[in-house]
Amino acid sequence: MSLPIEFVEKYKNLLGEEESSKFFTAIDSPSKKGFRLNPLKNNYQNVQYSLKEPIDFTHDGYYGEISGRDSEWTGGYVYSQDPSAMYPAVSLNAKPGDKVLDLCAAPGGKSTALASSLADNGLLVANEISKSRAKDLRENLERWGATNVVVTNESPDRLSKKLPHFFDKILVDAPCSGEGMFRKDPAATQYWSLEYVLTCQTRQKEILSEAMKMLKPGGEIVYSTCTYSPEEDEEIVAWLVENYPLEIEPLKLYRGMSAGRPDWSKSNMPELKETVRLWFQNGVGEGQFVAHLKNIEENQEISPKAKKRKNKRQKKSTIARLNKDEISAVAKVLDNFVLPHNLENWQNEVLQSNGHAFIPALDPDMLTELHVLNNGVELGLLKKKRFEPSHQLAEVLGQKEQKRLINFEDKANYERYIHGETIKVDSNLRGFVLVAYQDHIFSFGKIGNDQILKNFYPKGLRK
């Protein structure tokens, strides 16, 4: 691989001759693939992939490669993710009941891991500033089938104004110079420079400043990057500790992990050795830096400006309760399926906006004036006294064993269905049904009297 001269010189100086030789050799070695299983899904370990090589520090992570055409992927039973990149979400140690923010969340690997840890109990806000990447984030989380997720497409400063001191735990996997991705994406070398590293450092400080406004007293924050640059790693953590009431929490070193390097930081803070580096040559995966910090401040009041905003008149909401006829139309469909526990009382919680019925994960009034792509579970679309269930609901229903189901035995029919075709079926079922292949639920369909399974797999996902 052709590497920038300044990059080569930098890491020769930092690592020394022997270790830098291993580092540069490893950059030209093959990348290691990994995937995670989704414990939210029913019988989630029923997959065709080998589970013989678990990734040490995860509960459901394995080495291996998966295909985006398989029903395990379309049904949200697996997620392809670099093994090293699994560690930041593990480090945050999210527990059921926590309010968690993934501030720079696309494409969704860390968000899906956090959703698994919460187990539909608590709240995950997954935010992405890029509109196109936020769309991918939403699709990946929708596939995962969690019920307690809000997806936003916002800048950190707009988000912090709406949710001050709100979150128990925050993950900031910050945009960076991408040195740890050179092996996987050689094109990343083309925009690297020493100046770009410093530009990233400035951006990281801006993002973290807004993240700190959203962290509760006693809350925890994990900062991670996919770069090796001390300017973006140890120096950023030292800056956080010097400017905020934060203490570095020790992270466990698993096989293939290295301690942080205080000697590479301008502050030379000893506690920096309690952060973690994952190097190419250590054999886990791609490059990653991870730090876990705790907010030791006991009390934080909402700032006067935030209080003023809270009392400020908001623009009129389009969100409303469903009327009796609409409730009846939704029930006519939902009563045929087994719902996850936290959707069983949907009639008391369901709202609608512009004809879309949904169960919110967070009070919509808290999200006014933000660009929200998804709040909780979209049940479906209300259409003149009838109801059409959403694709997201199909993925959520994959959490439970279902009886009203067309389970393809022939892979050819599965391939035809995800391509968008209708399928002739031999079934006594009529109306909306769930569709699966190899017991992996991935869509809704609708059977008419002619036994034709009408295709409800979203057009934007068809292959």
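What you see is a predicted model; the values in this text were computed from it and never measured. Values below: every heavy atom of this structure, side chains too, minus hydrogens, waters and symmetry copies.
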Qualifying residue for ring pair (Phe, Tyr, Trp, His ring centres under 6.0 Å) with F7, from W192, Y228, Y191: W192
Given L251, D56, V290, V276, the one that forms side chain to side chain contact (heavy atoms under 4.5 Å, CB included) with M257: V276
Check: R261 and S265 side chains under 4.5 Å, non-hydrogen atoms: no
E344 atom CD, neighbour heavy-atom count above 12 within 6.0 Å: yes
Side chain proximity check, L246 to M212, heavy atoms < 4.5 angstrom: yes
Heavy-atom check, side chain of C200 versus side chain of V197, under 4.5 Å: no
Atom NZ of K10: over 12 foreign heavy atoms under 6.0 Å: yes
Rounded distance (nearest 0.5 Å) linking atom CD of E65 with atom OG of S50: 13.5 Å
Lys/Arg-Asp/Glu bridge criterion (N-O < 4.0 Å) met for K135, E128: no
Parallel, tilted or perpendicular: rings of Y77 and H440 (30°, 60°): tilted
Criterion salt bridge (Lys or Arg N to Asp or Glu O under 4.0 Å) on D157 and K213, from CA distance to verdict: CA-CA 9 Å; D157 63 301; K213 296 175 184 177; over 6 Å; no
Close side-chain approach of S71 and Y414, heavy atoms under 4.5 Å: yes
Carboxylate-amine/guanidinium contact R183 E286, below 4.0 Å: yes
Ring centers of F182, F280 separated by less than 6.0 Å: no
T225 side chain reached by Q288 side chain, heavy atoms, under 4.5 Å: no
Salt bridge flag under 4.0 Å for residues K294 and E247: no
Closest heavy-atom pair and its distance - K110, P88: CE-CG, 3.8 Å
Y49 ring center near F35 ring center (under 6.0 Å): yes
Side chain proximity check, L123 to L362, heavy atoms < 4.5 angstrom: yes
Test: K41 and E395 ion pair at under 4.0 Å: yes
Cation-pi geometry met for K32 and Y63 (6.0 Å, 45°): yes
Note: R36-D60 ion pair, threshold 4.0 Å (strictly below): no
Residue pair L40 / W144, side-chain heavy-atom distance below 4.5 Å: yes
Short N-O contact, D233 and R277, less than 4.0 angstrom: yes
Plane angle bin for Y11 and F23 - parallel if under 30°, tilted between 30 and 60°, otherwise perpendicular: tilted
V284 to P83 - nearest heavy-atom pair and separation: O-CB, 3.4 Å
